[in-house]
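A quick write-up on the structure given underneath.
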Amino acid sequence: MDLTMLNENQKLGVTTTKGPVLILAGAGSGKTRVLTYRAAYLIEQGVNPYNIMAITFTNKAASEMRSRIDQIVGHGSSAIWVATFHSTCVRILRRFADRIGYDTNFTIYDADDSKKLCKEVLKKLDIDSKLYPEKRCLSEISSAKDELVGYEKYLADVHDYGDDDTIARVYREYQIQLKENNAMDFDDLIMLTVELFKKCDDVLKGYHERFQYVMVDEYQDTNTAQFELIKLLAGGSNNLCVVGDDDQSIYKFRGANIYNILNFEDTYEGATVIKLEENYRSTPNILNVANAVIKNNIGRKDKSLWTEADEGEKVRFSRCDSAYEEAEKIVGDIDKMARLKKYSYGQSAILYRTNAQSRILEEKLIQETIPYRIIGGINFYARKEIKDLISYMKVISNPKDDLALLRIINVPKRGIGQTTINKIQDYAWGNNISFNEAMNKADKISSLSKATATKVTKFAKLLNELSEFSEKKPPSDLLERIIEETEYVELLKNEKTEEAKARIENIDELVSKVYMYEERANDEGEEISLDNFLAEVSLVADIDGYEDSDEVVVLMTLHSSKGLEFPNVYIPGMEENLFPSGRSLGGPDEAKELEEERRLCYVGITRAEERLTLLSSAMRPMRGQINYNAISRFVKEIPKDLLDGNVWEPTNNKDKEPVKISDMFSNHSRKPVAAQKYSAKNFGSKINKQPLSYEVGDRVKHFKFGEGEVKLINDGGRDYEVTVDFDDVGTKKMFASFAKLTKV
DNA sequence: CACAGGTCTCTTTTT
DNA sequence: GAGACCTGTG
């Protein structure tokens with residue numbers, strides 16, 4: 001296999017296949033490249049793809065990895081287990097959940113569902129939600145699960161310290177309810193899989209046999225539960241390769257434990273440690289700024305990124321009077337760059353600390369009719385109409401899911417209100433049957449009027465019919481039938497409002513998503529099932545929908561931007577109280593929290609390939625109020641000479657008279673930066689596009705696919721894309737420098 | 001039972 | 001500024 005376009009350390013990362021390996025990969029150092037080559041290398045060494053596992057955090061990262069492996073080896077990566085932590089666990093639990101007391105058709109609860117359930121628990125336990133808000137309870141429960149602390153242990157620990165056991169009681173009841181509903185929340189998926197492995201040795205052994213080589217991406221983001229999961233999974237062969245960057249650990253609030261990566265060598269004795277410090281993404285000017293900021297963190301693994309790229313443009317900073325002006329500058333600049341053909345809309349990105357910042361930017365973009373896309377905010381699947389219809393499907397898939405059932409029992413309105421629900425619930429409890437069963441016996445519930453009982457019976461009958469229907473038909477047919485029976489779209493049409501129109505469009509999109517799911521499952525030879533579709537839907541991340549080929553400006557949070565890169569980046573809101581977030585300031589753990597914010601800043605800066613603009617505003621509307629914020633300390637950590645213009649006075653910490661950058665709109669002549677050459681879209685390296693030894697019509701040989709005829713050669717600029725019709729495996733498209741075809 | 005209109009609170013990041 | 005929650009009315 002040709003490894004010539006890897007640097008020495010990258011090569012080491014690819015070829016050190018035995019035992020534990022830690023790859024400390026700085027931003028833009030080609031870590032995905034190493035992982036994908038590693039997988040390809042293993043296959044070439046004769047390892048069955050079936051025995052390889054790669055775990056990521058987002059679906060986007062997973063599918064990207066799969067397609068990149070495909071690009072290198074042509075095809076054959078489909079047998080590799082490439083999946084996110086959560087979908088990995090779902091796949092495992094769908095087979096074995098019955099071993100730990102759940103049905104295998106369990107439902108997955110999203111944050112919304114969890115909140116609702118928690119609210120019910122508080123009500124049931126008669127706990128004042130003013131003193132114990134759901135939010136606090138849920139975050140405590142979530143942290144406990146991230147640390148693999150079940151409610152028994154949580155309760156015991158609390159009692160040991162003689163503390164208030166309220167939250168422990170909530171945790172217990174919450175967990176009991178989940179089980180009764182045959183549901184799991186996000187954290188359960190990981191925790192329960194670990195529990196399964198610890199309890200059922202035979203199950204674990206089975207996976208040990210399968211997973212001979214395990215790789216984990218973004219290892220710095222793993223929490224204790226995920227750490228344990230990996231340890232268990234890789235425990236058979238101990239061929240574990242983790243890739244990460246402690247400087248990019250930004251998910252502490254989600255339980256991420258930075259010590260998982262910092263102490264890797266202690267956990268896995270004899271681990272090989274490989275550092276990747278050469279950056280192939282950004283200009284020196286950008287890297288210097290990134291390094292200047294991150295060096296203020298203590299307790300990090302010492303490293304410093306460097307690059308051979310040309311210096312490039314200076315990083316720019318602009319202090320604005322208002323958030324409005326900030327937006328104006330950004331949008332004006334994006335527009336100008338596009339007009340000057342320096343950066344197209346698709347090459348520009350706006351990254352911010354909080355989702356709330358997107359609104360004002362969006363308004364401005366609409367005003368200037370610039371195409372854009374906002375990642376995050378309100379998740380598609382969190383919309384009312386979508387949740388309603390999905391809830392129908394959930395009830396069909398898992399009749400025990402009372403949460404979903406209660407959501408739709410009166411949607412659309414069928415005259416079943418809270419009073420009726422209470423009466424059914426009482427009957428269910430009194431007779432020790434489920435809510436669903438009670439509904440089916442509505443005529444026996446004496447407290448219900450005849451008219452009401454009829455309504456309930458009618459609804460119960462509808463569900464039964466749908467359930468029977470779904471046994472014979474695929475999810476798409478079920479959804480269409482639900483829409484028909486409930487007249488959901490009909491009712492919206494009658495409203496004749498813009499809002500209703502948008503909702504109908506969303507429903508149409510949901511329908512096509514179901515069809516897309518079925519098509520894909522079909523292609524990949526997976527079983528098409530309602531359960532699988534619903535699981536997939538529950539586990540989509542905002543970023544999964546992002547296509548970098550779209551020619552639009554993207555807006556997203558700094559968190560979502562991790563792993564991405566853009567030639568032209570804007571980071572507005574560089575202000576104290578916003579970034580770093582006010583929540584990180586003034587607490588007992590301020591120093592630690594600030595370090596996390598700083599890492600987030602580092603992530604943001606290192607997203608930029610060529611041009612980076614930081615902005616800050618003196619006035620900013622926050623929580624419906626105007627806030628006056630000082631310039632972010634992170635900006636002040638950047639030596640002045642690294643920034644464009646004398647833009648702030650480091651000695652004047654009142655920030656009252658920030659100097660505005662005058663040439664914000666002026667005509668910068670962009671130096672021909674090395675980005676074309678170094679952008680990681682080209683696999684982050686100097687590609688040596690060599691002349692081909694074959695041409696269209698020639699017979700060629702591929703190390704894996706055997707012989708075939710060249711059908712088409714496409715000059716893609718940095719590499720040739722070759723289409724070959726192989727004798728055995730059919731037509732494949734591949735990059736010449738990866739495929740290493742030889743003329744025969 | 002449904003809905004409108006008022007008041008209240010809480011605001012980070014997300015699989 | 002949005003969302004949840006409460007209350008009064010038809």
Side-chain angles (χ1 to χ4, degrees), chain A residues 55-62 83-90 108-112 114-116 119 123 129-130 133-136 138-139 142 145-146 184-191 218 221-223 225-226 249-256 351-360 375-379 381-382 384 409-423 449 451-452 455 535-544 556-562 573 577-585 587 593 596-597 599-601 603-604 620-627:
Chain A
I55 296 197
T56 62
F57 272 86
T58 65
N59 296 300
K60 182 178 188 295
T84 66
F85 272 100
H86 290 87
S87 53
T88 292
C89 290
V90 171
I108 300 161
Y109 277 3
D110 63 20
D112 236 42
S114 296
K115 200 174 154 199
K116 265 206 183 121
K119 200 177 287 176
K123 214 158 84 191
S129 64
K130 290 258 168 14
E134 300 107 62
K135 246 187 141 173
R136 183 176 151 216
L138 283 171
S139 92
S142 173
K145 288 180 177 179
D146 289 345
M184 300 182 188
D185 66 17
F186 286 140
D187 304 308
D188 279 340
L189 295 175
I190 317 280
M191 182 174 80
E218 306 279 17
D221 290 334
T222 51
N223 60 36
Q226 288 158 338
S249 166
I250 55 172
Y251 282 108
K252 186 155 160 257
F253 70 93
R254 211 165 66 184
L351 312 177
Y352 36 74
R353 177 68 241 264
T354 66
N355 279 308
Q357 288 170 257
S358 67
R359 254 202 64 197
I360 199 157
I375 311 291
I378 327 133
N379 188 311
Y381 294 102
K384 185 188 177 299
I409 194 166
N410 203 29
V411 177
K413 307 248 176 307
R414 43 174 80 85
I416 306 177
Q418 195 55 52
T419 333
T420 309
I421 292 171
N422 290 345
K423 285 174 185 168
S449 74
T452 316
K455 288 179 199 164
E536 210 164 288
V537 158
S538 306
L539 297 177
V540 288
D542 296 327
I543 198 67
D544 294 340
M556 67 180 92
T557 62
L558 289 154
H559 280 90
S560 295
S561 75
K562 189 154 61 101
N577 233 352
L578 178 61
F579 193 24
S581 151
R583 296 271 300 230
S584 65
L585 268 25
E593 304 230 13
E596 174 125 335
E597 294 283 314
R599 288 192 290 269
L600 187 57
C601 183
V603 166
R620 180 174 302 276
M622 287 167 98
R623 317 156 204 168
Q625 263 186 334
I626 301 267
N627 275 41

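So that the names make sense, note that chain A is the first sequence line, chain B the second, and so on, each numbered from 1.
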By side-chain contact (heavy atoms from CB on, under 4.5 Å), which residues pair with Ala62(A), not counting sequence neighbours? Thr56(A), Val82(A)
Quick one: is Arg414(A) getting a side-chain N or O under 4.0 Å of the dC1(B) phosphate, OP1 or OP2? no
Whole angstrom is fine here: how far is it from CG in Asp112(A) over to P in dA2(C)? 18 Å
With sequence neighbours excluded, tell me which residues meet side-chain contact (heavy atoms from CB on, under 4.5 Å) with Thr420(A). Ile416(A), Ile424(A), Leu448(A), Thr452(A), Val456(A)
Please give, in whole Å, the distance from dC1(B) P to Ile409(A) CD1? 11 Å
Does the distance from a Lys or Arg side-chain N to an Asp or Glu carboxylate O, for Asp221(A) and Arg254(A), drop under 4.0 Å? no
Measure from NZ on Lys116(A) to C1' on dA4(C) and round the result to the nearest Å. 12 Å
Nucleotide N/O to protein N/O under 3.5 Å, stretch nucleotides 13-15 of chain B:
from	atom 1	to	atom 2	distance (Å)
dT13(B)	OP1	Asn355(A)	N	2.9
dT13(B)	OP1	Asn355(A)	ND2	3.1
dT13(B)	O4'	Arg353(A)	NH2	3.3
dT13(B)	O2	Arg353(A)	NH2	2.7
dT13(B)	O2	His559(A)	NE2	3.2
dT14(B)	OP1	Thr557(A)	OG1	3.1
dT14(B)	OP1	Ser560(A)	OG	3.3
dT14(B)	OP2	Asn355(A)	ND2	3.4
dT15(B)	O4'	Arg254(A)	NH1	3.4
dT15(B)	O3'	Phe57(A)	O	3.2
dT15(B)	O3'	His86(A)	ND1	3.3
dT15(B)	O2	His86(A)	NE2	3.1

Interatomic distance where NZ belongs to Lys423(A) and C1' belongs to dC1(B) [whole Å]: 12 Å
Where protein sits on nucleotides 5-10 of chain C, one letter per nucleotide: B base, S sugar-phosphate only, - none, heavy atoms under 4.0 Å: S-----
Are Lys135(A) and dT11(B) close enough that a side-chain N or O sits under 4.0 Å from OP1 or OP2? yes
For DNA chain B, whose closest nucleotide is more 5', that of Ser581(A) or that of Lys413(A)? Lys413(A)
I'd like to check the salt bridge (charged side-chain N to carboxylate O under 4.0 Å, His left out) partners of Glu593(A); sequence neighbours left out, ordered by chain and number. none
Sorted by chain and number, sequence neighbours left out, side-chain contact (heavy atoms from CB on, under 4.5 Å) with Pro412(A) holds for Tyr392(A), Arg414(A), Thr486(A), Leu491(A)
Would you call Lys562(A)-Glu218(A) a salt bridge at under 4.0 Å N-O? yes
Among residues at least two apart in sequence or on other chains, which ones pass side-chain contact (heavy atoms from CB on, under 4.5 Å) with Ala256(A)? Tyr251(A)
Give me the distance, rounded to whole Å, that separates dT13(B) from dA4(C) when you measure between the P atoms they each carry. 16 Å
Residues that Tyr109(A) engages under ring-ring contact (aromatic ring centres under 6.0 Å, His included), provided they are two or more places apart: none
Using a heavy-atom cut-off of 4.0 Å across all strands, would you classify Asp110(A) as base, sugar-phosphate, or nothing? nothing
For Glu596(A), check salt bridge (charged side-chain N to carboxylate O under 4.0 Å, His left out) against everything at least two apart and list the hits. Arg599(A)
